[in-house]
Amino acid sequence: MATFALVDCNNFYASCERLFRPNLKNQPVVVLSNNDGCVIARSQEAKAVGIAMGAPLFKIRTLVEEHGVAVCSSNYALYGDISERVMTMLGSNAPSHEVYSIDECFLDLDNLGVPDLTAWCSSLRQRTYQWTGIPVSIGIGGTKTLAKLANRLAKKSAKAGGVIDLAHHPEWIDTALRKTPIGDVWGVGRRWSQMLEERGMVTAHDFAHAQDGWIRQKMGVVGLRTAHELRGYICHALEDQPQPKQTTCCSRSFGATITDKSQVHDAVMQFAERAAEKVRSADQVAGAMQIFIRTDPFNANAPQKSLSGSANFPQPTSDARAITGTATRILERIWRAGYAWKKAGILLLDLSAKGSAPPSLFDAIASPDDGLMTAMDQINAKYGRGSVKLGLAGKDRDWSMRRENLSPSFTTKWADLVSVRVG
DNA sequence: TCTGGGGTCCTAGGACCC
DNA sequence: TCTGGGGTCCTAGGACCC
């Protein structure tokens, strides 16, 4: 039998914001999505005053003022950096591990030679806090889904001390399943939990005991795997080798809607450059691309439109010139005037490792590698993103993102280092 | 006035082939 | 006159995750 642990950072983005701003300790803190749109992270205190996950800022203004909630724009450079510290710390303690998301990591606890896993995890939890300043909770189970479920209970339970081990206490599993609402099971989202609740299955326990044939028919093999995992059968192995990405996307909502074609083009060019950069940094090339633009679905009064178009590259590429050029041609092809555009994006598809594709007959002619992209990447790595770019985007940006409450880049920008005056 | 961004996997259905 | 069945590949859309 395998033993999985899931280490999950508590209120991760809110905890990051607090790290360098001790005055926020024990205060309600929320972090907003891009454009300062809606709440994507809340400290415990913010949850306690009734701020919902995903709530748009304009709907919680009153709560914010009443309770003095600290409101932060999201600062992904900071969160990414702190995440790396936490993951490095965890990886050095459990060599076999899988970084599952920016704030979660699965550990393989077998073969660690540890007699008491609960004690070991408690001390890991403590050290993580001491070394990184980030509080975590740990759930242990025989499958990833059970480890997730244990983690959720560890977060909620006051007496658990942040760690719950279902793997070595099989007698707790039944109660744990009964205590878990179906919608809180990993792999059961909004649609499925509604469907299951309508049929009287309201807890993980109900679902785990449903009939395989029925689950397969209603939820496919994906749902069936979740049910099996709840019963203790492993369907999701630990993936300690990160898989190369198959697609990369760069998309944004605009700060305000735009109708002007050249502005939409500007935005698409910037996203295309950024997407190309991402692909290059993973040493990949793209075989195809797609761009899309769409209006604001929340504005019931405006005519709605969603346009997209795609193209294949003659040879897989990561060259920003090829990618922006193709993006321009696609936009030209799909453009329709008369709409208020709110969001645009580009997807690079069919990614493969650079150099893995069989060379084409025309390679030498079609893709001269003149080193320009490499040079640009090096300069941007040294002097900061966007220091050099293709001369494509104009200066008037009506569409730029709103970030009115951005915290300093404490760990990634020299100018934002915290200074401490002594004496 | 103001509602995120970046991914994965699976399935159904159509085109096409023999 | 008879009007099949099995396979692959691709795409769009829907579910999920953080």
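Just so it is clear: chains get the letters A, B, ... in the order the sequence lines come, proteins before strands, and each one is counted from 1. This one's a predicted model, so the numbers in the text were calculated from it and none came from an experiment.
- For A:W186 and A:F106, the ring centers sit closer than 6.0 Å to each other.
- Side chains of A:T143 and A:H236: no donor on one and acceptor on the other come within 3.5 Å.
- No hydrogens or angles considered: nothing links the side chains of A:S43 and A:N11 as a donor-acceptor pair under 3.5 Å.
- A side-chain donor-acceptor contact under 3.5 Å links A:H205 and A:D174.
- For the C1' atom pair drawn from B:dC16 and C:dG4, the interatomic distance equals 16 Å after rounding to whole Å.
- Backbone-only engagement by A:T247 is indicated by non-hydrogen atom pairs under 4.0 Å involving sugar-phosphate atoms exclusively.
- Residue A:K148 is in sugar-phosphate contact alone, with no base atom involved, counting any heavy-atom pair closer than 4.0 Å across all strands shown.
- When the shell of 6.0 Å around CD of A:E84 is examined, it contains 12 or fewer heavy atoms from other residues, nucleotides or ligands.
- Distance check: A:N93 CG to A:L109 CG gives 11.0 Å after rounding to the nearest 0.5 Å.
- You can see that DNA chain C meets the heavy atoms of chain A within a 4.0 Å-exclusive cut from C:dA15 to C:dC18, reading 5' to 3'.
- For the residue pair A:D8 and A:S137, no side-chain donor N or O sits within less than 3.5 Å of a side-chain acceptor on the partner.
- Heavy atoms of A:Q243 sit nowhere under 4.0 angstrom from any nucleic acid atom.
- In this structure, A:R274 reaches neither bases nor backbone, as no heavy-atom distance under 4.0 Å exists between it and the strands shown.
- Residue contacts shown for A:K342 are limited to sugar-phosphate atoms, with no base heavy atom under 4.0 Å away.
- Across all strands shown, A:V185 has heavy atoms under 4.0 Å from sugar-phosphate atoms exclusively, and none from any base.
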Check: If you write DNA chain C from 5' to 3' in dot-bracket form, with Watson-Crick or G-U pairs under 3.5 Å, [ ] for crossing pairs and | for pairs with another strand, what do you get?
Finding: ....||||||||||||||

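- Mapping A:R225 and A:K245 onto DNA chain B via the closest heavy atom, the residue that lands nearer the 5' end is A:K245.
- If A:S251 and A:V221 are placed on DNA chain B by their nearest nucleotide, the residue sitting closer to the 5' end is A:S251.
- Interatomic distance, A:N151 CG to A:K156 NZ, rounded to the nearest 0.5 Å: 12.0 Å.
- Here A:R190 lies in heavy-atom contact (under 4.0 Å) with sugar-phosphate atoms only.
- Residues A:E229 and A:T145 bring a donor and an acceptor atom of their side chains to less than 3.5 Å of each other.
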